[in-house]
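Structure, as structure tokens:
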Amino acid sequence: MPELPEVETIKMGLEKYLVGHRVEKIEVRLKKILSGGEEHLVGGKIIAVRRFAKVLCLDFDNGYSALMHLKMTGQPIYRGPNLKTPTHLSEKIVGGLPGIHTHVVFHLDRGGNFYFNDFRRFGWIKVVKTQELKGDVFVGKLGPEPLRDLTEEMFEQIVSKTKKSIKVLLMDQTKIGGVGNIYANDALFLAGIHPKRAANSLDQNETLNLFKSIEKVLKDGIKYGGASEHAYVTSEGLEGRYQEHFLVYDRAGLPCPNDCGEKIQKTNLGGRGTYFCPKCQK
DNA sequence: CTAGGATCCTGTCAGC
DNA sequence: TGCTGACAGGATCCTA
């Protein structure tokens, strides 16, 4: 599922392909996906692509923006001029492109198309005035982001203020922006902290260690172009490679990467699959 | 305040 | 082989 590194990878691609292009027509095939009125975007030129935690944002020259949340299976894909491998597409794009799971199509000038695919239909696109972005019910409530504005001091504050389990806290978008299940699991492993620990039970050393571990796994995620273990593909429709570097995520029953002799265990926390090494994570 | 369950959806996979 | 049912998961909402 697309988290900060995946959305950042997509963002960099879309920046390359969409900026400077005008939207000639928008096809909304599934109404519930797009709210706020696609008509505001038609005729507008895309002047910037931004990312707020896991949310993508296309800014138009007419004062409107399109916010996009991919949830688990959203796939924003560009097809058209400038692509190095225009014919190649990942098998993770189920139903073809455009296909049965293509819910919104942005027709661009110069023959490009921007597709929003989502076979689970949880993702959304919201059209808002650029000036009112921060008032959006989702974007406005996002917490500070690692690798951007989350400092060690802020992290210590956030962690010390709750007895919620540390993993659930890491994934709470209103507290910390951008971290999802994959990177929360791997960061906790790297820091040697058990996912069920109460956040406020971490000492200063553990908190600092976790802060650095989060930055490390997110940077690795970006370095490898994101994790394509489920539906994630880049804006070119290609796969990332972080799944080849998972530490504990999705590795139940496999040996601990520290070679401690234990096997990775899977449990459930906050309704999410949670992976950890019972020996290395205290 | 916190924990846990239900909800939205459909591809995938285990079990028969 | 083919069908059925359980399951996963980001975020929200509801109940305990």
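We name chains A, B, ... by the order of the sequence lines, and we start the count at 1 in each one.
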Report the distance from atom [atom1] of [X] to atom [atom2] of [N], rounded to the nearest whole Å.
X	N	atom1	atom2	answer
Asp172(A)	dA3(B)	CG	C1'	14 Å
Asp118(A)	dG11(B)	CG	P	11 Å
Asn200(A)	dC1(B)	CG	P	14 Å
Asn268(A)	dA8(C)	CG	C1'	10 Å
Leu269(A)	dG4(B)	CG	P	8 Å

List for me each residue that meets side chain to side chain contact (heavy atoms under 4.5 Å, CB included) alongside [X], sequence neighbours excluded, and say none if there are none.
X	value
Glu145(A)	Leu4(A), Arg51(A), Ala53(A), Arg148(A), Asp149(A)
Ser90(A)	Lys92(A), Val233(A), Glu239(A)
Lys129(A)	Tyr64(A), Glu132(A)
Ile100(A)	none

> Relative to the 5' end of DNA chain B, which residue comes earlier, Lys161(A) or Phe119(A), by the nucleotide with the nearest heavy atom?
Replying inline: Lys161(A)

>> dG11(B), OP1 or OP2 - any side-chain N/O from His101(A) closer than 4.0 Å?
In response: yes

> Restricting to pairs with a member in residues 29-38 of chain A, which pass side-chain hydrogen bond (donor to acceptor under 3.5 Å, both in side chains), not counting sequence neighbours?
Replying inline: Glu27(A)-Arg29(A)

> Just how far is it from atom CG of Leu41(A) to atom CG of Asn62(A), taken to the nearest 0.5 Å?
Replying inline: 7.0 Å

> What one-letter contact string describes nucleotides 9-16 of chain C from 5' to 3', where B marks a base within less than 4.0 Å of any protein heavy atom, S marks contact via sugar-phosphate atoms alone, and - marks no contact?
Replying inline: BBBS----

Show me the donor-acceptor pairs, under 3.5 Å and distance only, between side chains in residues 251-265 of chain A and residues at least two apart or in other chains.
none

> With sequence neighbours left out, which residue pairs that include part of residues 247-282 of chain A fulfil the ring-ring contact (aromatic ring centres under 6.0 Å, His included) condition?
Replying inline: His194(A)-Phe276(A), Phe246(A)-Tyr249(A), Tyr249(A)-Tyr275(A)

List, with names and distances, any nitrogen or oxygen atoms from the protein found under 3.5 Å away from nitrogen or oxygen atoms belonging to nucleotides 12-14 of chain B.
none

> Contact class for Lys32(A) vs. all strands (heavy atom < 4.0 Å): base, sugar-phosphate, or nothing?
Replying inline: sugar-phosphate

> So what does Thr162(A) hit on the nucleic acid, given a heavy-atom distance under 4.0 Å: a base, only sugar-phosphate, or nothing?
Replying inline: sugar-phosphate

> Given axes from five pairs at either end, by how many degrees does the helix from dT2(B)-dA16(C) to dC16(B)-dG2(C) bend, rounded to 10°?
Replying inline: 60°

>> Holding to salt bridge (Lys or Arg N to Asp or Glu O under 4.0 Å), I want the full list of residues that pass it with Lys71(A), two or more places apart in sequence or in another chain.
In response: none

> Who else is in Val128(A)'s hydrophobic cluster (ILVMFWY, side-chain heavy atoms under 4.5 Å, direct or via others)?
Replying inline: Phe52(A), Val55(A), Leu67(A), Trp124(A), Leu133(A), Phe138(A), Val139(A), Leu142(A)

> Using a distance-only test with no angle check, is there a side-chain donor-acceptor pair under 3.5 angstrom linking Asn200(A) and Ser160(A)?
Replying inline: no

